[in-house]
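Take a look at the structure below.
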Amino acid sequence: MRHFSGTLNGLGWDGYVVERPEDLEPFRDWIRRQAESRTPVAVDTETCGLKIYAWGPGFLRLAQFGNETEAWALPIEHGAVYAEAAVWALRILPDITGHNWAGFDALVCDEHLGVPLEETCAKATDTKILAKLIDPRAEMEGGIGQSLKPLSAHYIDASAPDTQDGLKSVFKDLKLKIAEGFAKIPLSHPTYLEYGLLDVILTSRLRPRLERTLAKLGVPQRLSVYEHRVARICAQMVRAGMVLDEEYTTGLQADLSYDADQFAEIALRYGVESVNSGRQVSAALLDMGESLTEKTASGAWKVDKAVLMAIADLDRDWKAIGSRPPNALADAVLRSKRAGKWRSAYADNFLENVDARGRIHPNIQSMQARTFRMSVTQPAVQTLPSSDKMIRRALLADEGHVMISTDFQAVELRVLAALADVKRMKLAIANGEDLHSFTARLVFGEGFTDKDRKVSKGIAFGKVYGGGATTVARQTGAPIDAVQRAMAKYDQVYPEVGRAAKDWRIEAFNNRMVAVSITGHRLPLDRDRTYAVTNYLVQSTARDCLGQALIHMDERGLVPFLRLPIHDEVLASAPKEDAKDIARAISECMTFDLLGVPIAADAEIGKRSWGSLYGADF
DNA sequence: CGTCTCACG
DNA sequence: ACGTACGTGAGACGG
């Protein structure tokens, strides 16, 4: 047995590292005492990296357990006897604490120790969730973030060591890259062990402090319960993952590489060696006699997709417009960049993350954004191209299943109508009208055109985002004066929107620049962008509609069918013969009342691939 | 490592 | 005083 000790904020701590099977006896005694006194015990795992499913056996290296003053580490890597002890401890402890528990460690223990995440999540308190509820901002955004280090420094001891950074410098000394370090550092390394022990001590001490802060701020306990439940449902979706059509993806990878190379070769004829270099592309275009007009923030010529599409005489569907002779370089750059990006960001990423059973497990962060919207990484399947079915075609429902996609109907607008109590909008929703056509009729009159509807839609989003006429005009392509007139009319027609925005800014100002949503989420505003309050409240409440719907689905036993949350949409995989019933049940779970406004959803049943919902045959 | 670009809602 | 488009993840370039 190895012993470590130290002092934090004047309070000492002791850490013990189990080295031999006989060391497990005092470990078990300690766990038993914690269980009997119902003391919360923090649990943490050290692993070979972040790929819980794609790594394979041997991923879990160390498991740590600790209260505020004493910690224990088990060398899982050194034999089944240690893994068995960890499993026993996870099962017997009545109250555990984890930092990002549902987001990581619960999945690790589920996959690599065989302890179901449902079992541990039911008794876990997640300090990352608590911290997020206090202040959702990242460090970059002026908050303290939700990493253990800054939270420890703020709530426990300003001199608490940065265990993550400390480890990284150890990796550097051992001449290991960061990605390799976690897998290759010897389990006996003193810094590795000390920081592993310290993490559970810090997490243990953090929990009561965060809980006290939440109580002081008046954050409702039910909000924390709700977020822990949403996080667990998301973890279940991560564990399920999705089937990857590996054969198709390998072919796709080759096709996209070929396309990227072919078009890069054309670009090279014009002197562009790297199609991703804006500098080279703009220089070559100017050389050809093209005139560029837009500059980037740093003063370089802007050569983004919109600029190049115009020069290449292409419309949104990549079809020739016929308004000018197409520039062959712009065309080649666009096509090479697109193929290259789709290959690396999507096809490569799919294949890098596939597990032994042919599934990918996109990681869902259930409260990532400062508005608590969810995000998905590895791979970022929330952002797959929707204009072309080829990428989504690679992801499949389970064997014998079909894909079901269920979308909320215009959820952000309905949330705005509900939160701001917009009378005419609420009436239109109740009457089942198309909201953008309804607005177009009010703003432009009975004979409104498709173009008018588009402007109305642009204004609707512009209002929610806090945009002005200039931006709406740019986005919709409508003339600025028409947009200005339409926006003025919009304010007359829906006076409650502007009034609510003003009230919300005042409320936030009186609450130390924090807006509070109806569910109790705290939404800090940036001092120079307080207009964003409308967007924050609407986006956050729409996100809570998704969270509420997921809880309804949990109550009805539908979670095993769920695959992904996509902001206003839920993707599911269901047996072909049950698809209709499950699709109906999911829609019902996404149908409820929000402050007198109906929230509703439409389900679409596809074939086996996700791409089938975008026109693919399979 | 900051900036730019591009994919999504 | 006035007006401000919101939120993400990922890859490439270039200093």
Side-chain angles (χ1 to χ4, degrees), chain A residues 136-138 140-141 260 272-282 294-309 333-334 336-349 352-353 362-365 367-388 391-392 405 407-408 410-413 416 458-476 483-484 487 501 505 523 525-540 542-543 546 564-571 614:
Chain A
R137 290 174 301 175
M140 291 270 297
E141 296 170 329
V272 173
E273 286 175 23
S274 170
V275 291
N276 285 306
S277 167
R279 217 181 47 170
Q280 288 179 31
V281 173
S282 57
E294 290 184 76
K295 295 269 186 108
T296 65
S298 59
W301 287 114
K302 190 169 192 169
V303 278
D304 65 5
K305 195 177 163 189
V307 171
L308 293 178
M309 291 287 267
V333 167
L334 280 164
S336 178
K337 274 172 82 170
R338 183 165 80 155
K341 180 187 167 159
W342 287 15
R343 183 187 62 80
S344 61
Y346 306 126
D348 290 358
N349 217 325
E352 282 160 20
N353 283 290
N363 183 33
I364 304 167
Q365 277 141 307
M367 39 200 304
Q368 169 65 15
R370 65 191 288 177
T371 56
F372 297 87
R373 283 224 308 194
M374 299 174 187
S375 83
V376 179
T377 60
Q378 291 176 39
V381 282
Q382 280 181 326
T383 67
L384 305 186
S386 57
S387 61
D388 193 307
I391 303 294
R392 292 184 199 235
S405 163
D407 288 49
F408 280 126
V411 67
E412 291 206 347
L413 272 187
L416 176 67
I459 292 172
F461 280 103
K463 283 284 163 192
V464 178
Y465 294 150
T470 323
T471 320
V472 172
R474 185 162 12 97
Q475 290 291 321
T476 57
V483 172
Q484 276 166 342
M487 286 186 99
R505 285 165 89 158
L523 304 165
L525 305 185
D526 298 332
R527 287 211 120 69
D528 53 346
R529 302 163 64 239
T530 58
Y531 63 88
V533 71
T534 304
N535 180 253
Y536 287 2
L537 285 168
V538 169
Q539 192 180 101
S540 191
R543 179 275 183 193
L546 178 68
L564 281 177
I566 315 171
H567 308 307
D568 65 346
E569 174 191 351
V570 171
L571 188 71
Y614 296 80

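Naming convention: chains lettered A, B, ... in sequence-line order (proteins, then strands); numbering from 1 in each chain.
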A side-chain contact here means heavy atoms from C-beta on lying under 4.5 Å apart; do [X] and [Y] qualify?
X      : Y      : value
A:L334 : A:M309 : yes
A:M367 : A:P136 : no
A:T377 : A:Q365 : yes
A:V333 : A:V303 : no
A:P379 : A:Y346 : no
A:Q539 : A:H567 : no
A:R370 : A:L523 : no

Just call it for [X]: base, sugar-phosphate, or nothing, with non-hydrogen atoms closer than 4.0 Å on any strand.
X      : answer
A:S274 : sugar-phosphate
A:R505 : base
A:R370 : sugar-phosphate
A:F461 : base
A:T471 : base
A:V381 : nothing
A:Q280 : nothing
A:G468 : sugar-phosphate

* Asked: Once each nucleotide of nucleotides 2-9 of chain B is scored for protein heavy atoms under 4.0 Å, what B/S/- sequence comes out, 5' to 3'?
  -> -SSSBBSB

* Interface limits on DNA chain C, where chain A has a heavy atom under 4.0 Å of a nucleotide atom ->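 Range of nucleotides within reach of chain A: C:dT4 to C:dG15.
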
Counting N and O atoms only, with roles assigned by atom type, does the side chain of [X] sit under 3.5 Å from a partner on the main chain of [Y], one being a donor and the other an acceptor?
X      : Y      : answer
A:R392 : A:P385 : yes
A:Q484 : A:A469 : no
A:T530 : A:R527 : no

* 5'-most contact on DNA chain C: A:R529 or A:A345, nearest heavy atom basis? -> A:R529

* Asked: Given the C1' atoms of C:dA5 and B:dG9, what is the spacing between them in whole Å?
  ->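 14 Å, rounded to whole Å.
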
* Asked: Do you know which of A:D407, A:L564, A:L546, A:V411 makes side-chain contact (heavy atoms from CB on, under 4.5 Å) with A:E569?
  ->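 Filter result, single survivor: A:D407.
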
* Paired stems touching DNA chain C, three or more consecutive Watson-Crick or G-U pairs with both distances under 3.5 Å? ->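 Stems found: B:1-9 with C:6-14.
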
